[in-house]
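Here's the structure, in structure tokens; my notes come after.
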Amino acid sequence: MYVQRCVCVLFWLCVCDVVTLLSGVLSSDGSSPTVPSGENRAERDPPSPPEVRCWSPSYPFKALCSWPEPPQTQLPIQYIATYSMKGGDIQQCHPYPTSVHPLPSPESSLPGVNGSSPGARWLCVLKGLKLYTSYKLNITGVNHMGSASHLQAFTVEDIVKPDPPVNVTVQVVPGKLRLLVKWAPPPSWSDRTLFPLKYQVRYHWDNKGTPHEITLDPFEDTKKVLPGLSPGRTYLVQVCSMELMGLGQSSDWSLPITVTMPAH
């Protein structure tokens, strides 16, 4: 069983790395390791395949891949991450736990909701990506009982996801029942001249306990006036960004900003 798994890993990974990590899988007599009597067998299983999510907040030159830290077990897990395009060299990506090192940029968001903690996760950065090129990704977890891999084919266009806009402000227009919303593009986006962004604004409110929401069509400007608002009503305003041609998916929404219109 372990030989078959090793063959699968060797298809994707550098031979020297795999041999080093799996050197302790077999005992000195060549037999498979056994679970000591009375020990919790669930804590001595091979790792499960990593649940990997990849996205590109810096299209087209860089992507991030992340997966959750598995439940604590007695066997430590080491990760090997590689990616390659068809006919190209295998490139190493060096995974690290986000609890040890921060994200590549403060605005980069891990899976979660608007800054909520997604729990302990691993991260690796894929660099030097090319436009409209198919890549193969392999992230393999290895412990002394075996290994398990996540295999994925992607183009960077498929996984585009900008970070949310930053420095969002909302102001009441003096003497008007309007709000002026302003923001700045996410600094992590690589080149806003060659690869422009567009934005959406949404605002929501309650009317006698009934929630209402309006999301405006995408546009390229970094400010927007929200007209026709009601006096004394409280609004929550958010902004998201997306690649101009609609590649991938839009960013998470920015954190909501609460504004109450003047009563008169």
Side-chain angles (χ1 to χ4, degrees), residues 12 49-70 79-85 88 90-141 149-166 168 183-192 194-200 202 215 218 238-255:
W12 295 93
E51 298 178 4
V52 179
R53 173 179 175 263
C54 296
W55 72 105
S56 176
S58 306
Y59 176 78
F61 306 114
K62 183 171 65 176
L64 308 178
C65 291
S66 175
W67 58 96
E69 179 79 41
Y79 291 101
I80 305 171
T82 64
Y83 58 103
S84 63
M85 59 183 179
I90 294 176
Q91 301 182 66
Q92 290 273 352
C93 177
H94 301 287
Y96 63 86
T98 57
S99 59
V100 176
H101 298 288
L103 289 166
S105 66
E107 299 80 18
S108 296
S109 53
L110 287 171
V113 180
N114 288 328
S116 63
S117 174
R121 302 188 69 88
W122 285 78
L123 185 80
C124 73
V125 181
L126 314 183
K127 299 180 180 180
L129 301 178
K130 297 182 178 181
L131 294 170
Y132 300 102
T133 300
S134 180
Y135 287 88
K136 293 181 179 180
L137 172 74
N138 182 344
I139 297 183
T140 298
S149 297
H150 169 91
L151 307 178
Q152 177 180 340
F154 71 92
T155 67
V156 68
E157 285 74 24
D158 294 333
I159 60 172
V160 170
K161 184 179 181 182
D163 288 325
V166 298
V168 180
W183 59 90
S188 54
W189 193 252
S190 59
D191 191 327
R192 295 188 296 275
L194 292 177
F195 306 101
L197 293 171
K198 58 184 177 181
Y199 306 92
Q200 280 188 291
R202 75 177 180 187
T215 301
Q238 296 173 284
V239 188
C240 75
S241 54
M242 62 188 70
E243 196 274 333
L244 181 64
M245 303 304 295
L247 297 176
Q249 59 181 309
S250 59
S251 73
D252 294 336
W253 289 99
S254 62
L255 292 174

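- Taking OG from S58 and CG from D191, the interatomic distance works out to 11.5 Å, rounded to the nearest 0.5 Å.
- Taking 4.5 Å as the limit, some side-chain heavy atom of Y199 sits within range of a side-chain heavy atom of P165.
- The two atoms that bring C240 and D252 nearest to each other are CB-O, 3.8 Å, heavy atoms only.
- Separation of atoms CG (L197) and CZ (R192) is listed at 7.5 Å; rounding is to 0.5 Å.
- Under the 4.5 Å side-chain criterion, counting only non-hydrogen atoms from C-beta, V160 is in contact with P162.
- Looking at W55 and R53, their side chains come closer than 4.5 Å, going by heavy atoms from C-beta outward.
- Between Y59 and E157, the shortest heavy-atom contact is OH-OE2, 2.9 Å.
- At a threshold of 4.5 Å between non-hydrogen side-chain atoms, the residues T155 and Y132 do not count as touching.
- Between F195 and M245, every side-chain heavy-atom pair lies at or beyond the 4.5 Å cut-off.
- The structure places CG of D163 at 3.5 Å from OG of S188, a figure rounded to the nearest 0.5 Å.
- Between the side chains of H150 and Q152, at least one donor-acceptor pair of N or O atoms lies under 3.5 Å.
- Taking CG of L255 as the reference point, atom CD of Q238 lies at 8.0 Å (rounded to 0.5 Å).
- Contact annotation: the side chain of T215 approaches that of W253 to within less than 4.5 Å [non-hydrogen atoms, C-beta and beyond].
- Contact of the L123 side chain with the Y96 side chain is registered, since non-hydrogen atoms from C-beta on lie closer than 4.5 Å.
- Contact check for P57 versus P186: no side-chain heavy atoms found under the 4.5 Å cut-off.
- Between F154 and Y135, the ring planes are parallel. Angles under 30° get that label, and only those over 60° would be called perpendicular.
- N138 contributes atom CG, which lies 4.5 Å from atom OG1 of T82 (distance to the nearest 0.5 angstrom).
- Summarising the geometry of K198 relative to P218, their closest heavy-atom pair is CD-CB, 3.7 Å, with the distance given to 0.1 Å.
- Pairing of C54 with C65 by a disulfide is supported, the SG atoms lying closer than 2.5 Å.
- Distance alone, capped at 3.5 Å, places no donor-acceptor pair between the S56 side chain and the K161 backbone.
- Distance check: F61 CZ to K130 NZ gives 12.0 Å after rounding to the nearest 0.5 Å.
- Considering every non-hydrogen atom in both I139 and C124, the closest pair reads CD1-SG, 4.5 Å.
- W67 and W122 have parallel rings, their planes meeting at less than 30° on a 0 to 90° scale where 60° marks the start of perpendicular.
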